[in-house]
Amino acid sequence: MAHKILILPGDGIGPEVVTEAEKLLFVLASQFGLEITLQHGLIGGAAFDATGRPLPEETVTAAQASDAILFGAIGGPKWEKLDRLLRPERGLLALRSALGVFANLRPAMVFPELVSASTLKAEVIENLDIMFVRELIGGIYFGEPRGIETRENGERVGFNTLIYSESEIERIARMAFEVALHRKRRVCSVDKANVLEATELWREVVSNVVKDYPQVKLEHMYVDNAAMQLVKAPKQFDVIVTTNMFGDILSDLASMLSGSIGMLPSASLDENGRGLYEPIHGSAPDIAGQNIANPLATILSVAMMLRYSLHELKQADRIEKAVQKVLRDGIRSADIYTEGMTLVSTQEMGDAVVAALQ
Ligand code: IPM
Ligand code: MG
């Protein structure tokens, strides 16, 4: 049966990078036997402009009926002044929640050809390969109560709630240990257990779950130290499992180890392996519409989709090998350009990956 894929381009550079990923899917279907059907939907600012809501019901229904979803990016200055509940970001958060994609897998790896594009020394990052497992539909992002209210004295207060249940911690810990079994079998759980009760419980539950994975070595680290260690000696890490907000922050930090945030894909998985796939970069409104964004993070997100949700391992390898070849051939978008390389546009980068498919 053909895999059903829903495409959600979103805002900013989202549509441009997603177009290149679609081009690739199209060629995999027409020349390499991949059986897929593609459908398109609205999300974010684009959805607000068309329907008055950042996540139309139709998009949720289509997503729930799909095997996998490819998402571009959302947000931009145009929608920043909107009421909080109507902002593009809320659309993405609501979609993650509606789909139950609790596990966000974000690899941070360094492509050998791009070592010089990082601001860190080559010996610090060479052969780096970290997998972040970020809890995605709980914690302070979703905890209630939340809001901005006015106190009796007329002063306003803003508040959010950091809350994790044992079962939420257990399922993300299991995911991290399962992922580690296919890697170097080391997991670092990142928390702030010295200050925050929610993560004191996190540490306790993770320490219990690991008893089912005797092959895996578990270590705990406070988030402030983890931020420091990621810059100082990132190769000490294999899998990092952490809360929604710590994962948001640390994965952006880690993306810079790899040279450009424009290179890194991500997968958000539910209990059954259905997934939402997206580049980890944002909508980059400053460069939107200029045909200069790097589509490789989105293209590599398609590879993750083929591997994790559609079980098309050969097709996933095919994409990753094509991307490697393009990098080896010196083809670079502006964000990863260094002297002597061939500077290409978004479209040309997509064409180059298609041409490198074997
Ligand atoms: C991410 C983004 C989102 C998040 C925003 C756009 C809501 O920063 O995917 O990392 O905070 O999760
Ligand atoms: Mg983020």
Side-chain angles (χ1 to χ4, degrees), residues 8-15 17-18 42-48 53-55 59-60 63 69-108 130-143 146 160-162 164 168 172 190 223 226-227 230 240-258 260-270 275-286 288 293-294 297-298 300-301 304-305:
L8 302 174
D11 309 321
I13 59 170
V17 292
V18 163
L42 288 169
I43 192 167
F48 176 80
R53 287 154 63 190
L55 182 67
T59 300
V60 178
I69 299 126
L70 182 67
F71 165 78
I74 45 156
K78 185 176 172 194
W79 304 284
E80 262 160 27
K81 296 249 144 57
L82 284 176
D83 184 79
R84 233 176 302 134
L85 294 172
L86 296 175
R87 277 184 217 150
E89 290 75 11
R90 281 297 172 101
L92 175 59
L93 295 175
L95 180 65
R96 287 173 178 169
S97 184
L99 291 173
V101 289
F102 68 94
N104 185 211
L105 273 45
R106 296 189 165 186
I130 303 175
M131 181 65 90
F132 279 85
V133 180
R134 168 190 175 195
E135 198 292 322
L136 199 61
I137 57 173
I140 199 165
Y141 270 52
F142 292 90
R146 64 188 297 164
N160 291 89
T161 302
L162 171 58
Y164 272 114
E168 284 175 306
I172 194 71
V190 171
V223 63
L230 274 167
I240 293 181
V241 63
T242 190
T243 64
N244 202 343
M245 187 162 73
F246 294 163
D248 179 47
I249 299 167
L250 293 180
S251 63
D252 263 35
L253 187 161
S255 73
M256 275 298 119
L257 305 173
S258 78
S260 171
I261 197 165
M263 292 301 299
L264 296 179
S266 83
S268 305
L269 303 175
D270 73 3
L276 171 64
Y277 295 83
E278 49 179 302
I280 89 160
H281 62 68
S283 57
D286 52 323
N294 184 350
T298 312
L300 290 167
S301 298
M304 281 190 102
M305 169 191 288

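These values consider heavy atoms only, across backbone and side chains, with no hydrogens, waters or symmetry-generated copies. Counting starts at 1 for both ligands and their atoms, in listed order.
In this structure, R96 contributes its side chain and V101 its backbone to no donor-acceptor pair below 3.5 Å. The main-chain N or O of V190 is found under 3.5 Å from a side-chain atom of T242 such that the two form a donor-acceptor pair. The closest donor-acceptor contact from the side chain of S255 to the backbone of D252 lies under 3.5 Å.
Residue R106 places a heavy atom under 4.0 Å from ligand 1. Using a 4.0 angstrom heavy-atom cutoff, R96 counts as in contact with ligand 1. Under a 4.0 angstrom heavy-atom cut-off, R90 registers as lying outside contact with ligand 1.
At least one N/O/S atom of D248, from backbone or side chain, sits under 2.8 Å from the Mg ion (ligand 2).
Looking from atom 6 (C) of ligand 1 to the surrounding protein, the closest heavy atom is E89 CG, 4.0 Å. The protein heavy-atom contact nearest to atom 11 (O) of ligand 1 is Y141 OH, 2.6 Å. D248 OD1, 3.2 Å is the protein heavy atom nearest to atom 8 (O) of ligand 1.
Put simply, the residue from T243, N244, D248 that forms a side-chain hydrogen bond (donor to acceptor under 3.5 Å, both in side chains) with Y141 is D248.
Listed by atom number, the atoms of ligand 1 under 4.0 Å from R134 heavy atoms are 1 (C), 4 (C), 9 (O), 10 (O), 11 (O), 12 (O).
For the pair L264/P107, no side-chain contact is recorded, criterion being any heavy-atom separation below 4.5 Å from C-beta on. When side chains are defined from C-beta on, L55 counts as touching I43, because their heavy atoms get closer than 4.5 Å.
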